[in-house]
Amino acid sequence: MRAVRRRRRGLVGLLVLVIVIVLAVVYGTAPLRAAAAAFHDVRWELVPALALLSVLHYVFAAVALRGAAGWRLPLLETTLAQFTAAAANRVTPGGLGAVAVNTRYLVCHGMPLARAAVAVAVLQVAGVPADLLMMSALLALGGGDSRMLDAMGSHAAAVVELLPSWPLVAATGLLLPAAVLWGRRAVRSAVVGRALEGVTGLCRRPGDLVLTLVASASTTFVLGLAFGISVLAVPGATAGAGDMMALVTAYLVGAAAGAALPAPGGMGSTEAALVAALAALGVAAAPALQAVLLFRLVTYWAPVPVGLLTSRTLRISRGSALPDSPGTPA
């Protein structure tokens, strides 16, 4: 028990150190210092809604995990585990921290390790079509805002024009065969085979499949709404409630671009991509940076202390089945 307390104190101390470093960077850099100083103009009455959407993100993540696992999991405890997964993601790239935490959580509730790993992998895979379907729905409803699409097209065209043709052709000639060879080997691997079996198993449970897809898409959508509220909370952003769907689309584009770099939690790259997405909508640099900082503070950093305190959800309770027992499927 003392060792657990010492470990928690060490984690809290590390968190305090990280916050101090972040504040030092913010207040030691002129543009960031100006953006931070402008926070006194924020419409603070919108921040509770922003915090509520942040919490809903973790509730939907818990629902998605329950659907993918097909296992009876307590909603509150599973939600708290998602806070712990978020805290782990702050120090690991590519979402590996959340994968490890969710796998451990399922094992603690009696699911065999191999099945738990497959369930979490299926959850990660399901997030891709879920987000694509949501993006398609937003575009169909007119939320895609031509400014964002035009900006993406113009930036892509500019990049293509800057690239000389022969290195691109040479790289394609080398990388394409290597990608095909690697893909064939990956498809034949046991890991991919188990993941495909997990996806097939989820498809055989249409109720869980729909629940997983809807909940997974909802996790991203509520963060998009939170991002939109963050922009509305900044007076200088010149955005109104009618721009909400365009702001949600801007978040989807910016978050996807930021996640493409293997940095822990997309730190740095995500902020830059979100500011660029707002710039494509005509938002000035200073209000855009201020809105992104507010959004990341509430949705990215604020849940970390909660995740550290709720790490006890990863302990095997006395009433739980043993990790290698069949457990209780839903």
Side-chain angles (χ1 to χ4, degrees), residues 4 7-8 55-131 186-187 189-220 303 306-330:
V4 173
R7 186 161 56 248
R8 286 185 181 176
V55 173
L56 281 177
H57 165 76
Y58 295 102
V59 174
F60 284 126
V63 173
L65 179 62
R66 293 173 66 179
W71 212 255
R72 288 195 183 99
L73 300 169
L75 181 59
L76 177 59
E77 188 179 82
T78 308
T79 302
L80 295 178
Q82 301 317 298
F83 279 92
T84 303
N89 260 357
R90 302 302 177 257
V91 293
T92 57
L96 295 179
V99 169
V101 167
N102 282 328
T103 302
R104 170 66 180 173
Y105 177 73
L106 292 177
V107 169
C108 290
H109 278 268
M111 182 175 287
L113 177 59
R115 180 173 173 180
V118 170
V120 174
V122 169
L123 178 62
Q124 298 294 110
V125 172
V128 176
D131 288 347
V187 168
S189 67
V191 174
V192 174
R194 287 193 293 270
L196 291 176
E197 289 178 2
V199 172
T200 303
L202 180 60
C203 292
R204 292 172 182 168
R205 309 192 314 268
D208 285 340
L209 176 62
V210 172
L211 181 65
T212 303
L213 291 176
V214 171
S216 183
S218 298
T219 59
T220 306
V306 180
L308 295 177
L309 295 174
T310 58
S311 59
R312 64 181 183 277
T313 57
L314 304 182
R315 294 200 302 246
I316 300 176
S317 62
R318 294 179 181 179
S320 300
L322 293 175
D324 55 354
S325 68
T328 307

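Basis for what follows: all heavy atoms, side chains included, without hydrogens, waters or symmetry-related copies. Predicted model, so just to flag it, every value in this text is computed and none were measured.
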Of all the heavy-atom pairs spanning [X] and [Y], show the shortest one and how long it is.
X      : Y      : answer
Met111 : Ala119 : SD-CB, 4.4 Å
Ala64  : Ala215 : N-CB, 3.6 Å
Asn89  : Ala98  : OD1-N, 3.0 Å
Thr212 : Gly67  : OG1-C, 3.1 Å
Trp71  : Gly110 : CZ2-O, 3.8 Å

Suppose we screen for side-chain contact (heavy atoms from CB on, under 4.5 Å). Which residues come up paired with [X], at least two apart in sequence or across chains?
X      : value
Leu213 : Ala126, Pro129, Ala130, Leu209
Thr219 : His57, Phe60, Ala61
Val306 : Phe83, Thr310
Ala88  : Val101

Report the distance from atom [atom1] of [X] to atom [atom2] of [Y], rounding to the nearest 0.5 Å.
X      : Y      : atom1 : atom2 : answer
Thr84  : Leu308 : OG1   : CG    : 7.5 Å
Asn102 : Leu123 : CG    : CG    : 7.0 Å
His109 : Arg104 : NE2   : CZ    : 10.5 Å

Residue list, side chain to side chain donor-acceptor pair (under 3.5 Å) with [X], at least two apart or on another chain:
X      : value
Thr78  : Tyr105
Ser216 : none
Thr79  : none

Measure from the side-chain N and O atoms of Arg90 to the backbone N and O of Ala86, and report whether any donor-acceptor pair falls under 3.5 Å.
-> yes

